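Heads up: the structure comes next, in structure tokens.
Computed over heavy atoms, backbone and side chain alike; hydrogens, waters and symmetry mates excluded. Given the structure is predicted, the values throughout are model-derived calculations rather than measurements. Counting starts at 1 for both ligands and their atoms, following the listed order.
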Amino acid sequence: MTANIIDGNALAKKIRAEVADRAAALTARGHKPGLAVILVGEDPASQVYVKHKVADCEGCGMHSVLERHDASISEGELLARVAALNADPAIHGILVQMPLPKHIDPHKVIATISPLKDVDGFHIASAGALMVGQPGFKACTPYGCMKLIETTGIALKGKHAVVIGRSNTVGKPMALLLLQANCTVTICHSGTPDLGVHTRLADVVVAAVGRRNVLTADMVKPGAVVIDVGMNRNDEGKLCGDVDFAGVSQVAGWITPVPGGVGPMTRAMLLVNTIEAAERAAAN
Ligand code: NAP
């Protein structure tokens, strides 16, 4: 079998166009959607990420603000900046780029973001809403993975899904979204003795580890949907995922590439969350 490629770039493009239409409609009613991105320090990868997020916003006709702060900013000063953005009616979404310098507690910063503007979906109120099945912002990466899985047309009800990784930002919310879609869900992590025992039974596998070749062809059920969240570098320095793409694509039915799979969808779902925040604010 040679797997169908799930094209994250194409889906993200379609979603960006839909967001642009919604942004234009809101703007015409006098409610231009706005996202504020806070970057602390000079981390090179973070600088690239925030640049893309701001450009994506502008590409969809949304207002965006990029606040850069020196790594020496105090926790109190940063919390005050978040509070000011909470109170700013032109801003509907607030994103604080992680990681933060060691002297700043990321949990405190996330807790200070208004849940109404928590477009990253990291606030405990958003995580809790997902846990109990209430409306709230979904973390962008797992939300994007669900949209990618949807494109396969496979009905998820009753399917066995295995999520590899249990981070608060990817693995856990991913498992909850799959559970909400009525999958039977297994979560694997670094303490799982034999991943293959679980993944070989899975109709859907989501790999979110951050290590190359965590999932190889012998670990995949023929025809399975394989979503690769990982972002790693191979020996040549090229971006690659957690999945042995060449091998697994011979067995799986559907697979996301890296790059061009989950990455663009994470960015697209941030726009979706931001437009939803703006629409909710405009409705009040
Ligand atoms: P993380 O916080 O480091 O979590 C990694 C998870 O993988 C942990 O739960 C860890 O288990 C588990 N793990 C580590 N080694 C394992 C092994 N050998 N077998 C099974 N599980 C193992 O990372 P993250 O933030 O979730 O991100 C995961 C990957 O996705 C990274 O490569 C990251 O760069 C990428 N990512 C990509 C996007 C995107 O848009 N494409 C977005 C977010 C993240 P323990 O909990 O037991 O330690």
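The heavy-atom pair separating Asp105 from Glu75 by the smallest distance is N-OE2, 2.8 Å.
For ligand 1, the atoms closer than 4.0 angstrom to any heavy atom of Ile164 are 20 (C), 21 (N). Within ligand 1, the atoms closer than 4.0 Å to a non-hydrogen atom of Gly263 are 40 (O), 41 (N), numbered from 1 in the order shown. Each of the following atoms of ligand 1 lies closer than 4.0 Å to a heavy atom of Thr266: 39 (C), 40 (O). Within ligand 1, the atoms closer than 4.0 Å to a non-hydrogen atom of Ala208 are 5 (C), 6 (C), 7 (O), 28 (C), numbered from 1 in the order shown.
With Lys117 contributing its side chain and Asn86 its backbone, the two residues share a donor-acceptor pair below 3.5 Å. Without hydrogens or angle criteria, Asn232 side chain to Gly241 main chain gives a donor-acceptor distance under 3.5 Å. Side-chain atoms of Thr199 come within 3.5 Å of backbone atoms of Met219 as a donor-acceptor pair (strictly under, hydrogens ignored). Using modelled atom types, one side-chain atom of Gln47 and one backbone atom of Glu42 make a donor-acceptor pair closer than 3.5 Å.
Given atom 18 (N) of ligand 1, the protein heavy atom at minimum distance is Arg211 NH1, 3.6 Å. In terms of protein heavy atoms, atom 48 (O) of ligand 1 is closest to Ser190 OG, 3.6 Å. Remark: minimum distance from atom 36 (N) of ligand 1 to any protein heavy atom is reached at Val229 O, 3.6 Å. In this structure, atom 24 (P) of ligand 1 lies nearest to the protein heavy atom Ser167 OG, 3.7 Å. His189 O, 3.2 Å is the protein heavy atom nearest to atom 20 (C) of ligand 1. Atom 14 (C) of ligand 1 has as its closest protein heavy atom Val209 CG1, 3.6 Å. Of all protein heavy atoms, the one closest to atom 33 (C) of ligand 1 is Met231 N, 4.3 Å. Atom 29 (C) of ligand 1 has its closest protein heavy atom at Gly210 N, 3.6 Å.
Heavy-atom contacts from other residues, nucleotides or ligands closer than 6.0 Å to CE of Met131 number 12 or fewer. For Ile124, the CD1 atom is loosely surrounded, since the number of other residues' heavy atoms within 6.0 Å does not exceed 12.
Residues Phe245 and Ile5 form a side-chain contact, since some pair of their non-hydrogen atoms from C-beta on lies under 4.5 Å apart.
Side chains of Thr186 and His160: a donor on one and an acceptor on the other come within 3.5 Å.
The distance criterion of under 3.5 Å between nitrogen or oxygen atoms is not met by Asp242 with respect to ligand 1.
The shortest separation from a heavy atom of Val214 to ligand 1 is not under 4.0 Å, leaving the residue out of contact. Not close to ligand 1: Gly171, with no non-hydrogen atom less than 4.0 angstrom away.
Heavy atoms of Arg267 found under 4.0 angstrom from ligand 1: none, in either backbone or side chain. By the criterion of a heavy-atom distance under 4.0 Å, the side chain of Val170, and not its backbone, is placed next to ligand 1.
Each of Asp244, Asn234, Asp235 was evaluated against Arg212; a single residue qualifies, Asp235, per the side chain to side chain donor-acceptor pair (under 3.5 Å) test.
The pair Lys14-Glu18 meets the salt-bridge criterion, since a charged nitrogen lies less than 4.0 angstrom from a carboxylate oxygen.
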